[in-house]
Undergrad: 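Can you read through this structure? Questions will come right after.
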Amino acid sequence: MKKVRTRFPPSPTGHLHIGGARTAIFNWLLARHEKGEFVLRFEDTDRVRSRQDFVDSILQSLEWLGIDWDDGPYFQSERYSIYEEYLQKLLDTGHAYYCTCSQETLNAKRKAAMERGEKPKYDGTCRDKGLPKTEGAVVRFRSPLTGITVVNDVIKGMVSFDNRELDDLIIQRSDGSPTYNFAVVVDDITMKINTIIRGDDHLNNTPRQILLYKALGYPVPVFGHVPMVLGSDRKRLSKRHGATSIAAYKEAGYLPQALVNYLVRLGWSHGDQEFFTIEELVEKFSLENIGHSAGIFNPEKLLALNKEHIMASDPQTLAPYLKPFLAQYRIKVTDDAYLCRAISTLQTRSKTLLDMAKGSLFYFVDHITYEEKAARKFLQPDILATLELLLQKLGTLPDFTEESLKNVFTDMMEETGLKLGSIAQPVRVALTGGTVSPGIFEIMEVLGKKRVTSRLKAAIDYIR
RNA sequence: GGUCCCAUCGUCUAGCGGCUCAGGAUACUGGCCUCUCACGCCAGAGACACGGGUUCAAAUCCCGUUGGGACUACCA
């Protein structure tokens with residue numbers, strides 16, 4: 001059995017988006033699962049809309065997702081001589097011909113055909129004229145007039161197309177550049193791609209491409225068309241549906257492994273399993289379990305999965321992802337061990353890294369600023385004596401652990417007759433500035449004796 | 001309009017002829033736990049689009065209807 005060789009061919013006319021990322025992941029996963037190879041290629045034959053900054057952005061997003069490639073990145077714009085070579089083959093064998101019909105007449109004919117209720121396909125005006133190469137002429141593929149072309153799709157099954165539905169598509173523009181259907185085929189042939197997994201919006205292009213493979217005399221690769229990802233209105237995902245670029249999710253505080261997990265699960269399943277690590281996906285991924293119907297992108301489920309990945313990760317692996325978010329709040333972490341201890345207290349209460357960064361600010365600031373409502377409610381003179389007593393007890397505490405701190409509070413409750421809640425909330429405000437935080441004993445242990453005592457003193461001063 | 005694809009709870013899905021008056025996840029509701037917020041646990045509501053076949057038996061196979069999507073460019 002030949003080594004599987006897949007590819008991802010984005011066109012740099014925008015950022016990497018949800019749908020594109022998913023097909024990239026599927027191809028990458030298949031290559032990794034089968035111990036094959038994955039190729040990256042930029043389809044930038046549309047010189048007007050292609051931009052270098054999109055190339056950079058796509059590269060960055062792929063890297064962030066953890067998708068690496070074994071070959072490339074290739075750029076179609078650098079391969080024109082190769083397309084020329086294959087074009088000549090087609091011309092020489094009579095599979096292609098020059099056409100001088102103007103765009104205006106073509107448009108007019110298309111419109112007229114539509115009005116008559118007919119198919120708006122090329123009428124073959126220049127097909128048998130035997131026109132020579134001239135300035136401004138395009139090259140068309142001579143598509144067979146009869147017969148059927150069958151796509152043996154690994155996901156959809158056998159799909160057949162009547163060749164009469166296909167017209168003589170343009171394979172080289174008047175400016176000499178190749179068009180999509182031709183360039184992909186030549187690239188996939190020359191890059192030895194044998195398995196093509198792509199969105200099913202390409203299914204209708206496939207018979208044309210198969211015909212090109214045959215005309216060129218090359219074996220047809222394995223095709224697999226995955227269903228599309230739609231927005232909540234069942235329409236193709238677009239800006240209207242909120243964030244669609246991968247970069248936006250990175251900035252919003254999502255973990256790449258959570259996004260990958262979500263995207264793969266949208267359209268693929270492994271029984272009832274919902275949570276997967278990247279390693280598990282590589283191990284378990286298979287084409288047979290890809291679904292047949294389009295899926296609607298659901299941000300809520302992605303969020304839930306992100307939460308699960310945050311909970312399941314080690315603080316050490318989370319730390320580098322969290323730092324950029326802390327930096328947004330002008331916090332530069334100097335003590336990684338301290339950061340990790342802080343993270344471990346926040347894992348069950350953060351849905352995103354942004355949440356986590358916000359929730360961990362109190363660990364890093366020098367001076368706590370109290371939320372107005374919290375201070376008004378809990379930092380009142382009636383709690384002064386309690387805070388002072390706590391301060392005094394902490395001063396003599398030999399070890400500053402959750403366990404011993406809990407004992408201190410238990411003693412306090414006995415001595416003052418107060419409930420834990422009425423002691424803990426004022427302390428929480430004193431230590432964090434607000435009424436919501438991880439458990440009071442956890443944060444005290446992590447903050448350490450020095451920070452705790454100075455914050456308690458500050459609170460006492462504030463009340464006075 | 002034509003061609004092609006698709007159809008299980010709101011959403012993602014399990015199901016590949018009997019084990020299913022359909023299971024999981026998410027979201028939602030109620031309860032428990034509790035130092036706040038979470039986590040966790042328990043419970044509840046919620047789906048086989050419709051109509052014909054085939055079969056002893058259909059969510060599962062076939063046909064049609066309806067609905068949705070894609071393509072129909074000198075975009076990719």
Undergrad: May I ask you to evaluate whether A/Lys406 reaches the phosphate of B/rC35, defined as a side-chain N or O under 4.0 Å from OP1 or OP2?
TA: no
Undergrad: Once you apply a heavy-atom cut-off of 4.0 Å, does A/Ser437 come out as touching a base, just sugar-phosphate, or nothing?
TA: base
Undergrad: When you measure from the side chain of A/Asp272, which nucleotide among B/rU13, B/rC35, B/rG23 comes out closest?
TA: B/rG23
Undergrad: Can you list, in residue-number order, the parts of residues 414-423 of chain A that come under 4.0 Å of RNA chain B, counting heavy atoms only?
TA: A/Leu420, A/Gly421
Undergrad: Would you mind checking if A/Arg164 and A/Asp162 are paired as a salt bridge, meaning a charged N to carboxylate O distance below 4.0 Å?
TA: yes
Undergrad: Check the side chains of A/Gln273 and A/Lys284 for a donor-acceptor pair under 3.5 angstrom, ignoring hydrogens and angles.
TA: yes
Undergrad: Detail all sub-3.5 Å separations between protein N/O atoms and N/O atoms belonging to nucleotides 2-10 of chain B.
TA:
unit_1	atom_1	unit_2	atom_2	d
B/rC5	O2'	A/Lys156	NZ	2.6

Undergrad: Does the pair A/Glu442/A/Arg349 count as a salt bridge with the N-to-O cut at 4.0 Å?
TA: yes
Undergrad: I need the residues from residues 342-350 of chain A with at least one non-hydrogen atom less than 4.0 Å from RNA chain B; give them sorted by number, or say none.
TA: A/Thr348, A/Arg349
Undergrad: So which of residues 229-236 of chain A are in contact with RNA chain B, with a heavy-atom cut-off of under 4.0 Å?
TA: A/Arg234, A/Lys235, A/Arg236
Undergrad: Any base atoms under 4.0 Å from A/Pro438, or only sugar-phosphate, or nothing? Heavy atoms, all strands.
TA: base
Undergrad: State whether a side-chain donor-acceptor pair under 3.5 Å links A/Asn181 with A/Thr179.
TA: no
Undergrad: Pick base, sugar-phosphate or nothing for A/Asp167, based on heavy-atom distances below 4.0 Å to the nucleic acid.
TA: nothing
Undergrad: List in chain and number order the residues that pass side-chain contact (heavy atoms from CB on, under 4.5 Å) with A/Met228, two or more places apart in sequence or in another chain; answer none if no residue qualifies.
TA: A/Asp200, A/Asp201, A/Leu230
Undergrad: With sugar-phosphate meaning primed atoms plus P, OP1 and OP2, does A/His225 contact a base, only sugar-phosphate, or nothing at under 4.0 Å between heavy atoms?
TA: nothing
Undergrad: List in chain and number order the residues that pass side chain to side chain donor-acceptor pair (under 3.5 Å) with A/Arg142, two or more places apart in sequence or in another chain; answer none if no residue qualifies.
TA: A/Asp128
Undergrad: Go nucleotide by nucleotide along RNA chain B from the 5' end; which of A/Gly271 and A/Pro9 gets its closest nucleotide reached first?
TA: A/Gly271
Undergrad: Say whether A/Ser77 and A/Asp44, considering side chains only, have a donor N or O and an acceptor N or O under 3.5 Å apart.
TA: yes
Undergrad: Between A/Glu104 and A/Lys109, is the closest basic N to carboxylate O distance under 4.0 Å?
TA: no
